[in-house]
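Count residues from 1 along the sequence.
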Amino acid sequence: MTGLPASPVEKVIVTYKSQAAEAGSNTAAAGDAKTKAAQTGESLRFERRLAGGAALVDLGGEASKKDLAEVMDAFRADPSVASVEPDIRAYAMAVTPNDTDYTKQWDLFEATGGMNVPGAWDKTTGSGVTVAVIDTGHAAHSDLDANVVSGYDFISSSADARDGNGRDSNARDEGDWNATDNECGLGSKASNSSWHGTHVAGTIAATTHNGKGVAGIAYGAKIQPVRVLGKCGGSSSDIADAITWASGGSVPGVPANPTPAKVLNLSLGGASSTCPSVYQNAINGAVSRGSTVVVAAGNSNANASGFTPANCANIINVASTSREGNRSFYSNFGSIVDVAAPGGETRRATDTPGTVTTPENGILSTLNSGTTTQSAENYKPYQGTSMAAPHIAGLAALLESVKPSLTPADIESAIKANARPLPGTCTGGCGAGIADATKTVNAATAPAGTTFTNGTNVTISDNSTVSSSITVTGRTGNAPAALKVDVDIKHTWRGDLVIDLVAPDGTVRNLKTSSGSDSADDVLATYIVDASSEVANGTWRLQVRDVASGDTGYIDSWSLTF
């Protein structure tokens with residue numbers, strides 16, 4: 001949040017010294033408020049007692065700074081008063097961006113198909129992280145340029161680069177249009193320039209809270225444009241070198257990258273049944289240098305295993321979902337997909353290919369209006385796993401920023417562990433589900449391995465139900481998907497026992513059932529529970545039922561490890 005509004009003060013909180021009558025008597029507190037009202041000329045009224053014992057005193061409407069000061073001075077001068085403070089207002093810190101088209105960015109905030117991004121901004125906006133967009137390069141855009149650092153043009157063919165030379169330090173997007181059909185191989189179609197890299201970059205880090213355009217997922221991060229796609233696409237040799245350079249590796253003939261990227265986004269791919277070694281070696285090198293590599297699964301409605309670099313190891317493979325929470329009709333799928341993210345659908349599956357019939361369901365981002373070379377900046381909705389991947393790259397940047405010690409494997413694991421099931425359908429496999437930015441960031445920032453224990457003995461009588469409680473505090477967000485429950489129960493016939501974990505909201509999860517044939521003593525066990533739907537803070541109970549006669553025991557101790 002960039003600034004707080006001038007909040008009105010309408011009440012004050014008065015804490016009386018313990019020996020004062022007003023500390024325990026509402027009547028006395030009400031009388032004191034009347035006394036102070038007479039002293040100050042304000043309309044003071046005792047409203048209610050707070051849980052901590054303080055008195056809430058209404059000022060009779062919004063008070064000026066002068067009036068508030070007089071009231072507080074009157075209470076402070078009273079020897080019976082321990083303290084007085086204004087009843088100030090608090091605000092949601094994940095303030096809604098004022099970007100004019102933010103309301104169209106359903107992919108960030110809608111409950112059904114969105115990625116639950118705004119809550120993550122309470123903790124991080126990606127500051128200090130550079131994300132390399134290995135793509136078509138950069139088209140100037142006032143809603144993005146402030147977050148762009150110097151990149152590089154890795155297109156080695158001057159004809160494909162359209163800049164009159166081969167590789168150079170200018171990552172400007174010169175356009176990837178094709179003038180005629182079959183120009184880029186049999187079956188290729190004439191097309192305008194896509195400005196694809198600029199669209200991808202906007203999703204990751206468009207300037208936010210600037211009163212225009214769109215908001216970026218990691219709007220505190222920097223974008224490094226690395227140009228590899230020009231006329232007729234790009235070569236694996238150029239792309240592999242770009243991966244190496246962007247992550248801080250050395251490429252012959254190319255100056256060292258002064259600002260290596262901790263996240264690499266590759267919204268590109270081609271058909272291949274295996275991952276070429278040139279890709280895999282470059283990716284392995286990038287990961288070894290601490291860079292997370294995010295790759296689009298592909299848009300052929302086919303198994304992603306037939307497309308590369310989506311089928312390479314050491315990457316996060318991203319499928320696309322629709323506004324309704326289904327797998328997008330075009331998205332690749334399969335067991336190698338790691339996670340899904342909003343990629344949108346600018347048309348229905350049955351609509352004519354190339355048409356835009358549902359623009360409101362696409363992913364809106366920064367673009368350029370030029371049909372071939374750059375012209376005026378604009379915004380436009382696109383669809384594709386190319387749009388889904390930068391959602392994950394943006395989330396990776398948020399995680400890297402809030403916890404720099406995370407490795408690429410840690411980041412992948414965190415994103416997958418905190419994803420939610422698709423509310424719609426995904427034939428073929430969409431990995432762990434739709435990524436949830438807020439849940440993932442909260443999980444990454446939660447204290448690691450915190451254990452809460454209750455060691456007070458609780459007697460278990462025949463045919464009785466007893467419980468032992470643990471109050472969890474200081475946690476953020478929900479409990480983990482792998483909540484560890486350690487149980488130590490002394491009992492002369494453990495088969496008599498049914499053991500449940502009861503969450504703060506009353507949800508019951510069974511840990512152990514009864515068994516007439518299990519005559520062994522004691523329960524000394526560790527149970528792993530998926531409690532990710534439960535708020536972590538609150539009172540948890542271990543509930544034990546003895547369902548038979550003849551044997552008794554007690555809960556010795558139990559613990560929860562988050």
(request) Taking the side chain as every heavy atom from C-beta outward, state whether Ile243 and Leu266 have any pair of such atoms under 4.5 Å apart. (result) yes

(message) Between Val200 and Asn265, is there a side-chain heavy-atom distance shorter than 4.5 Å?
(response) yes

(message) Which residues pass the side-chain contact (heavy atoms from CB on, under 4.5 Å) test with Ala201, not counting sequence neighbours?
(response) Val133, Leu144, Ile223

(request) List for me each residue that meets side-chain contact (heavy atoms from CB on, under 4.5 Å) alongside Ser277, sequence neighbours excluded, and say none if there are none. (result) Asn281

Verify whether one side chain among [X] and [Y] offers a donor that lies under 3.5 Å from an acceptor in the other.
{"X": "Asp135", "Y": "His199", "answer": "no"}
{"X": "Thr308", "Y": "Asn311", "answer": "yes"}
{"X": "Arg347", "Y": "Thr358", "answer": "no"}
{"X": "Gln383", "Y": "Asn361", "answer": "no"}
{"X": "Thr292", "Y": "Glu412", "answer": "no"}
{"X": "Thr357", "Y": "Asp351", "answer": "yes"}
{"X": "Ser386", "Y": "His196", "answer": "yes"}
{"X": "Lys123", "Y": "Asn442", "answer": "yes"}
{"X": "Ser235", "Y": "Asp238", "answer": "yes"}
{"X": "Gln280", "Y": "Asn284", "answer": "yes"}
{"X": "Thr385", "Y": "Asn299", "answer": "yes"}
{"X": "Asp436", "Y": "Asn116", "answer": "yes"}
{"X": "Asp107", "Y": "His391", "answer": "yes"}
{"X": "Ser320", "Y": "Ser328", "answer": "yes"}
{"X": "Ser559", "Y": "Lys484", "answer": "no"}
{"X": "Thr112", "Y": "Arg323", "answer": "no"}
{"X": "Thr136", "Y": "Asp173", "answer": "yes"}
{"X": "Asp410", "Y": "Ser413", "answer": "no"}

(request) Could you walk me through whether Lys380 and Thr366 pass side chain to side chain donor-acceptor pair (under 3.5 Å), step by step? (result) CA-CA 7 Å; Lys380 196 171 182 180; Thr366 47; over 6 Å; no

(request) Specify the closest pair of heavy atoms between Val131 and Ala393, including all atoms of both residues, with the distance to one decimal. (result) CG1-CB, 4.4 Å

(request) Considering non-hydrogen atoms only, spot the tightest contact between Tyr330 and Gly344 and give its length. (result) OH-O, 2.6 Å

(message) Taking the cut-offs as 6.0 angstrom to the six-membered ring centre and 45 degrees off its axis, would you call Arg162 and Trp177 a cation-pi pair?
(response) yes

(request) Measure centre to centre between the rings of His209 and Tyr102, then say whether the value is under 6.0 Å. (result) no

(request) Using the side chain to side chain donor-acceptor pair (under 3.5 Å) rule, pick out the option among Thr321, Asn301, Thr425 that qualifies with Arg327. (result) Asn301

(request) Starting from the C-alpha separation in whole Å, work towards a yes-or-no answer on side chain to side chain contact (heavy atoms under 4.5 Å, CB included) for Val339 and Ile316. (result) CA-CA 8 Å; Val339 72; Ile316 303 178; 4.0 Å; yes

(request) Kindly write out the residues that satisfy ring-ring contact (aromatic ring centres under 6.0 Å, His included) with Tyr279, not counting sequence neighbours, or none if the list is empty. (result) none

(request) With side chain to side chain donor-acceptor pair (under 3.5 Å) as the test, would you mind laying out the steps for Asn210 and Asp143 before giving the verdict? (result) CA-CA 8 Å; Asn210 64 338; Asp143 205 13; 2.9 Å; yes

